[in-house]
Amino acid sequence: MPLKLGAYTACLHDLPLTEALDVVAANGLTSVEVNTGGFLPAPHCPVDLLLSSATARAEYLATFADRGMELTGLNCNGNPLNPLPGVGPKHADDLRRTIGLAGLLGVKHVVTMSGTPGSDPDAKYPSWVVNPWDGVYMDVLDHQWGVAVEFWTEIDALARENDVRVAIEMHPHNVVFSPVTLKRLVDETGATNVGAEMDPSHLMWQGMDVVASVRWLGPLVFHAAAKDAMLCPGADIRGVLDTSFTRVPADAPGKVPTGYGFWCNAWPENPAWRFVAVGVGHDLSYWTEFLRALAEIDPDMAVNIEHEDAAYSRTEGLALAAKNLHSAASGL
């Protein structure tokens, strides 16, 4: 079978690594991606220990190999360009350390986001420009792209030094959120070791043609996520650029951190779009074409399920996504 089908273990962070891997293996998946910092903690990857001990690295990799699995990616999604002192510098440091660890482990891909700076050199908060029809926003973008190019030129050199490729998830509220902006970053930095992590879900709700995006980027697609999304009736009155989220209380159990003192907000009751298990938002023939387009670029590419469908438990959603992903792959 072409492609390496697997899972990102963030949805199983309540389990020890060995138990999480057993869940992944039980679903017939052999590729694994683990978190190493950024927005999320890293319960499945003891970064400090692994950076300091060759013995620990060998034992860690054996945990996967003994189950017939391969560690195909380290995930460090965050905002390394955030001007908040409790967010940006930490996420940038997490990314640098992750690249170093990937090199030591022989893991070829690090997944992250491009980040978003503030609107100007004195800005306190990050600012995402959605539509720069007003000329003032071109000044903001000029500043932000200058910051991004300087940072990503450094990261590309670090990745090259460690024989690692950094795959950017094209995610809204980042400077890079589309194939066009991904290509711009690569062109302006002259990057050799920076490309795309093709997470189709964020392109779906923005209205893009995912398969066309894969083929347009071609060899710049390094790594992939299997994550579905669907438009909901709320889009009729909200559109996809909806801001009617609400705050989650500081003492809420299970809140998802995004930085020191910040965490994810709650979605509206009738959202414009939501993440769903693979095969729920788009049928299996769609997913077969997605996998085919990836295989045309690299038949050994890792495609790791990222389960964020709140309608299912963590294990149920992962199992459904795996079943549908296997079915889609059988059509290749």
Side-chain angles (χ1 to χ4, degrees), residues 1 3-78 80 90-113 155 158-167 169 193 197 222-226 256-257 298 300-307 314-315 318-319 321-322 325-326:
M1 178 186 294
L3 305 174
K4 298 172 182 176
L5 304 184
Y8 173 36
T9 64
C11 66
L12 301 172
H13 273 183
D14 58 326
L15 300 176
L17 175 61
T18 53
E19 293 181 24
L21 293 181
D22 290 341
V23 171
V24 174
N27 286 289
L29 303 169
T30 59
S31 169
V32 183
E33 184 177 323
V34 299
N35 206 75
T36 55
F39 289 135
L40 298 177
H44 293 162
C45 187
V47 176
D48 290 336
L49 174 62
L50 296 176
L51 283 170
S52 64
S53 169
T55 299
R57 291 193 294 272
E59 292 174 349
Y60 185 70
L61 290 172
T63 304
F64 299 86
D66 289 349
R67 292 167 171 79
M69 311 182 87
E70 179 185 356
L71 181 60
T72 56
L74 302 183
N75 191 304
C76 192
N77 273 330
K90 179 187 183 299
H91 290 186
D93 185 58
D94 286 349
L95 176 58
R96 294 184 186 101
R97 283 157 46 84
T98 296
I99 291 170
L101 178 58
L104 291 171
L105 289 171
V107 174
K108 292 302 182 185
H109 293 105
V110 168
V111 177
T112 191
M113 296 174 185
I155 294 300
L158 182 63
R160 188 163 50 250
E161 178 185 330
N162 285 274
D163 193 25
V164 170
R165 300 200 299 178
V166 179
E169 179 177 347
N193 287 54
E197 187 237 15
F222 293 168
H223 194 78
V256 179
D298 178 3
D300 294 321
M301 189 180 298
V303 185
N304 295 327
I305 294 166
E306 184 177 359
H307 169 53
R314 295 177 179 188
T315 53
L318 179 60
L325 192 63
H326 284 304

Could you check whether the rings of His91 and Phe39 sit parallel, tilted or perpendicular, using 30° and 60° as the cut-offs?
perpendicular
Output all residues satisfying side chain to side chain donor-acceptor pair (under 3.5 Å) with Thr9, sequence neighbours left out; order by chain, then residue number.
His44
Starting from the C-alpha separation in whole Å, work towards a yes-or-no answer on side chain to side chain contact (heavy atoms under 4.5 Å, CB included) for Leu71 and Tyr60.
CA-CA 10 Å; Leu71 181 60; Tyr60 185 70; 3.8 Å; yes
What closest approach, in Å, do Gly78 and Pro80 show between heavy atoms, and which atom pair accounts for it?
O-CD, 3.4 Å
So, taking the atom named CG in Leu158 and the one named CG in Asn193, what distance separates them when rounded to the nearest 0.5 Å?
10.0 Å
To the nearest 0.5 Å, tell me how far Leu318 CG sits from His307 NE2.
7.0 Å
Measuring from atom NE2 of His109 to atom CZ of Phe222, what distance do you get when rounded to the nearest 0.5 angstrom?
6.5 Å
When rounded to the nearest 0.5 Å, the distance separating NZ of Lys4 from NE2 of His223 is 10.0 Å
Please report the closest heavy-atom contact between Cys76 and Gly38, naming both atoms and the distance.
SG-N, 4.0 Å
Please confirm whether the backbone N or O of Leu40 pairs with a side-chain atom of Asn35, one donor and one acceptor, at under 3.5 Å?
yes
Sequence neighbours left out, cut at 3.5 Å: what donor-acceptor pairs do the side chains of residues 13-20 make with other protein atoms?
{"residue": "Asp14", "atom": "OD1", "partner": "Arg314", "partner atom": "NH1", "Å": "3.4"}

Quick check: closest heavy atoms across Leu50 and Ala56, and the distance to 0.1 Å?
CD2-O, 3.5 Å
Quick one: are Thr72 and Lys108 in side-chain contact, heavy atoms under 4.5 Å?
no
Check against side chain to side chain contact (heavy atoms under 4.5 Å, CB included), Asn75 and Asn304:
CA-CA 11 Å; Asn75 191 304; Asn304 295 327; over 6 Å; no
Is there a side-chain contact between Val111 and Tyr8, using heavy atoms and a 4.5 Å cut-off?
no
Work out which heavy atom in Ala102 is nearest to a heavy atom in Val164; give both atom names and the distance.
CB-CG2, 3.8 Å
Taking all non-hydrogen atoms of both residues into account, name the closest pair between Asn77 and Glu169 and its distance.
ND2-OE1, 2.8 Å
For Leu29 and Ala7 the tightest heavy-atom approach is CD1-CB, 4.1 Å
Hey, mind stepping through Leu74 and Val34 against side chain to side chain contact (heavy atoms under 4.5 Å, CB included) and telling me if it holds?
CA-CA 5 Å; Leu74 302 183; Val34 299; 3.8 Å; yes
d(Phe64 CZ, Leu105 CG) to nearest 0.5 Å is 8.5 Å
To the nearest 0.5 Å, what is the distance between CG on Leu101 and OG1 on Thr36?
7.5 Å
Counting C-beta onward and ignoring hydrogens, is there a side-chain heavy-atom pair between Asp48 and Arg97 closer than 4.5 Å?
yes
So do the side chains of Leu12 and Val24 get within less than 4.5 Å of each other, counting heavy atoms only?
yes
Arg96 and Ile155: side chain to side chain contact (heavy atoms under 4.5 Å, CB included), yes or no, with the steps?
CA-CA 7 Å; Arg96 294 184 186 101; Ile155 294 300; 4.1 Å; yes
